[in-house]
Amino acid sequence: MFAGLYSSYRLSSAAVVVQNLLEKHGRGGALARNAATIASKLVGRIYNEDPALFDGKRGKRPHKLSLAAVALAQGVKDMRENREGQLCFHLSLGAVLLEVTGKPQDYALSGNDHLLLELAQEVYLASAA
């Protein structure tokens with residue numbers, strides 16, 4: 001019972017990170033105005049791709065910033081046809097990656113975190129080209 005609550009808490013925490021970044025980098029546009037809904041949907045989609053990973057059944061649960069990074073990476077991919085939207089997600093993803101790589105000692109990152117961050121970084125670099 002508590003495991004489910006803890007998973008919900010972790011998902012909510014990651015969604016808040018995504019929401020705050022979309023509001024910051026969305027410049028008052030549609031993404032910024034709908035940031036909470038978009039963030040919740042993206043984080044939920046990522047969770048549903050591999051619930052066992054995010055529930056801690058395959059090692060340590062990923063950090064909220066790792067989950068936020070892959071959710072934002074998904075947003076970058078989803079916005080391929082919308083340059084303004086893709087830029088918002090790209091800037092937001094860059095902020096997460098900069099935070100985590102700039103101060104790795106501040107986060108107890110697991111192997112799962114590093115895997116997720118690498119996937120997010122691949123999307124970030126590909127979208128910058």
Side-chain angles (χ1 to χ4, degrees):
M1 178 177 136
F2 292 114
L5 290 174
Y6 190 64
S7 290
S8 294
Y9 168 75
R10 299 285 282 220
L11 294 173
S12 295
S13 296
V16 168
V17 170
V18 173
Q19 175 186 345
N20 290 341
L21 288 166
L22 292 178
E23 288 172 349
K24 177 179 180 180
H25 297 290
R27 298 187 181 117
L31 286 175
R33 288 190 304 273
N34 300 307
T37 302
I38 294 166
S40 293
K41 286 181 180 179
L42 277 174
V43 170
R45 279 176 56 199
I46 296 302
Y47 171 83
N48 288 331
E49 287 181 15
D50 194 351
L53 173 67
F54 298 107
D55 287 339
K57 294 178 180 166
R58 291 198 341 228
K60 187 177 175 188
R61 291 173 197 260
H63 192 280
K64 69 180 179 182
L65 291 179
S66 302
L67 179 51
V70 292
L72 289 164
Q74 184 61 53
V76 168
K77 293 191 286 189
D78 289 351
M79 290 287 168
R80 282 196 176 114
E81 302 300 318
N82 178 339
R83 187 63 185 148
E84 185 178 327
Q86 188 179 48
L87 179 61
C88 177
F89 278 101
H90 184 82
L91 291 171
S92 299
L93 175 55
V96 172
L97 294 173
L98 184 63
E99 174 67 22
V100 173
T101 58
K103 299 187 264 181
Q105 68 281 2
D106 291 352
Y107 306 102
L109 300 177
S110 68
N112 286 336
D113 288 306
H114 291 290
L115 173 67
L116 294 172
L117 291 167
E118 285 175 24
L119 293 171
Q121 186 173 23
E122 287 174 14
V123 171
Y124 180 79
L125 294 173
S127 71

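Each residue takes its place number in the sequence, starting with 1.
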**Under the side-chain contact (heavy atoms from CB on, under 4.5 Å) test, residues paired with K24 that sit two or more places apart** =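 Here no residue qualifies.
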
**Partners passing side-chain contact (heavy atoms from CB on, under 4.5 Å) against A32 (at least two apart in sequence or in another chain)** =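 A32 satisfies side-chain contact (heavy atoms from CB on, under 4.5 Å) with no other residue.
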
Report the residues that fulfil side-chain hydrogen bond (donor to acceptor under 3.5 Å, both in side chains) with [X], sequence neighbours left out, ordered by chain and then residue number.
| X | answer |
| --- | --- |
| T37 | none |
| N112 | none |
| H25 | none |
| R83 | Q86 |

**For R58, salt bridge (charged side-chain N to carboxylate O under 4.0 Å, His left out) partners two or more places apart** =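 So R58 forms a salt bridge (charged side-chain N to carboxylate O under 4.0 Å, His left out) with D50.
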
**Request:** Quick one: list whatever passes salt bridge (charged side-chain N to carboxylate O under 4.0 Å, His left out) with R45, sequence neighbours left out.
**Result:**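 With neighbours one apart ignored, the set is D78.
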
Between side-chain atoms of residues 11-23 and protein atoms elsewhere (two or more places apart, or another chain), which donor-acceptor pairs fall under 3.5 Å?
from: S12; atom 1: OG; to: S8; atom 2: O; distance (Å): 3.0
from: S13; atom 1: OG; to: Y9; atom 2: O; distance (Å): 3.0
from: Q19; atom 1: NE2; to: E23; atom 2: OE2; distance (Å): 3.1
from: N20; atom 1: ND2; to: V16; atom 2: O; distance (Å): 3.4

**Prompt:** Quick one: salt bridge (charged side-chain N to carboxylate O under 4.0 Å, His left out) pairs with a partner in residues 96-109, sequence neighbours left out?
**Reply:** E99-K103

**Request:** Could you list the residues that satisfy ring-ring contact (aromatic ring centres under 6.0 Å, His included) with Y47, not counting sequence neighbours?
**Result:** none

Table please: side-chain donor-acceptor pairs of residues 115-129 below 3.5 Å, with sequence neighbours left out.
from: S127; atom 1: OG; to: H90; atom 2: ND1; distance (Å): 2.7
from: S127; atom 1: OG; to: V123; atom 2: O; distance (Å): 3.3
from: S127; atom 1: OG; to: Y124; atom 2: O; distance (Å): 3.1

